Amino acid sequence: MQSVETPDSGPTLHIVGGHPLSGHVKISGAKNSVLAIMAATLLCPDDCVLRNVPNLTDIQRMNQVLESLGIKIQHEGDRLTLDTRHISTSKAPYELVSKLRASFFIIGSLVARLGTARVPLPGGCAIGARPVDLHVRGLQALGAHVRIEHGIVHADVPGGRLKGGNIYLDYPSVGATETLMMAATLADGETIIENAAQEPEVADLANFCRAMGAKIRGAGTNTITISGVPYLHSVDYAIIPDRIEAGTFLVAGAITQSELTIGPVIPDHLSPVLAKLREMGSDVVAEGLNQLRIIPNCRKATDIETLPYPGFPTDMQAQFMALMTLSEGNSVITETVFENRMRHVAELVRMGADIRVKGQNAIIKGVPFLSGAPVLATDLRASAALVLAGLAANGKTIVKGLHHLDRGYDNLETKLQGIGAKLERVAALDHAEA
Ligand code: UD1
């Protein structure tokens, strides 16, 4: 067997496409909620129990970041217990923060709890430069003195306690909203964050903080008001279902023209995704309060523009592009959130897709079939798009770069095998010998 030459020597996913899927997929807890909520546990000098935590390398990395600060963590199944009584240092190590951008968000909770924090700039990543200027300006508005030296953000609060303030975000950044909301929970007085991100994970973080005793109103809208409290207490909290994982499995149904059910989900969180699936020829119906059934009828082209919530999520762009490659007619995707989130295009083209990229637009002309090929995942959601394309393609697709997939999908192969997909993970040694 031939394997594509790439710098990545990890395991590969071998997918034999063209098999119909059927059955039910259990959706795990939301990655982006857990990461922010883990950062927020630093606000509370006690035990925090998190349930419905997915099994992901991003979570393991966040565990390592928190452990480097002296936090004691027990991870059993989908339950995390974090003992945040003692924080031994306010300095997060570069080697860990650079591997997981979301770990930068600890700057908000660290500075709120300790009055000081040293967190390395996370740097850019595969999908864009991803600056943290909005986080920094917001912390300054709450009274922190912030300077950047040798790649490390130093935040210090004279007197030790942040002061409530008014923050207007130039862009509704998810991470900046979360960092600043966490910081404001323990500040002296009231903070108002305007043009805040409205993503469900922001609301989940607010609910978690409220369960610890924080006073937060308006999370999930564009204006969040936080009245600071002197301390927060221990909590036992279950994470919401992952809307992006759910959306990915719905696209698996649509691209293979297979009827599937998924759950638990919060259907409202998936509104833009469901609207586009319906436009593209699938019925999606609710079954009970927290389950969805997709009934595909055909695959039709549509247009998508990624936007902050409640707009269409950038984290579903690549998966929908895979679906569009096999949909009748011409589709256009406009990516407005990240400047470099089209790297999956070249890989889909290797499978026979007809896609042209012009600036932030991709024009996708539907083709009758894709053919399996060796492809390289370039980022987390790109890896999901390639798996989806592989499920629908003729013949065998070999996906490399699985460390991206493992960051954000809990047991993807097992879940796909459970609904009839023909795929297996092959260890690096095996495919080198094959
Ligand atoms: C979060 C999600 C990620 C998702 C993204 C957008 C987590 C852990 N990750 O990332 O999966 O794709 O939201 O829905 O929750 N920006 C600035 N300055 C800043 C902060 C952001 O210019 O200080 C820009 C970014 O470069 C990007 C845009 O704002 O172009 C959106 O980024 P943001 O909403 O902050 O995304 P993240 O929180 O990093």
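What you see is a predicted model, and the numbers here were worked out from it, not measured in a lab. Counting convention: from 1, in listed order, for ligands and their atoms alike.
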### Message
Quick check: Thr314 and ligand 1, any N/O pair under 3.5 Å apart?
### Response
no
### Query
What atoms in ligand 1 come closer than 4.0 Å to a heavy atom of Tyr171?
28 (C), 29 (O), 31 (C)
### Message
Does this structure show an ion pair linking Asp406 with Arg425, if we count only N-O contacts that are shorter than 4.0 Å?
### Response
yes
#### Entry: For ligand 1, the portion of Ile244 having any non-hydrogen atom under 4.0 Å away
neither
## Note on the structure
For Val132, the atoms of ligand 1 under 4.0 Å from one of its heavy atoms are 19 (C), 23 (O)
### Task
May I ask you to list the atoms of ligand 1 that are less than 4.0 angstrom from any heavy atom of Ala102?
8 (C)
### Query
Which residue owns the protein heavy atom closest to atom 12 (O) of ligand 1, what's the atom, and how far is it?
Asp315 OD1, 2.6 Å
### Task
Under 4.0 Å from a heavy atom of Val337: give me the atoms of ligand 1 that qualify, with their elements.
27 (C), 28 (C), 30 (O), 31 (C)
### Query
atom 24 (C) of ligand 1: protein heavy atom closer than 4.0 Å?
no
### Task
Classify the contact between Glu201 and ligand 1 as side chain, backbone, both or neither, using a heavy-atom distance cut-off of under 4.0 Å.
neither
### Message
Taking 4.0 angstrom as the limit and counting only heavy atoms of Arg341, give me the atoms of ligand 1 inside it, by number and element.
### Response
12 (O)
### Query
Can you list the ligand 1 atoms lying under 4.0 Å from a non-hydrogen atom of Phe105?
38 (O)
### Query
Hey, are Arg85 and Asp46 close enough for a salt bridge, meaning a charged N less than 4.0 Å from a carboxylate O?
yes
### Query
Hey, looking at atom 19 (C) of ligand 1, which of Ser173, Pro131, Ala197 has the closest heavy atom?
Pro131
### Task
Decide, yes or no, whether a salt bridge links Lys72 with Asp47 under the criterion of side-chain N to carboxylate O below 4.0 Å.
no
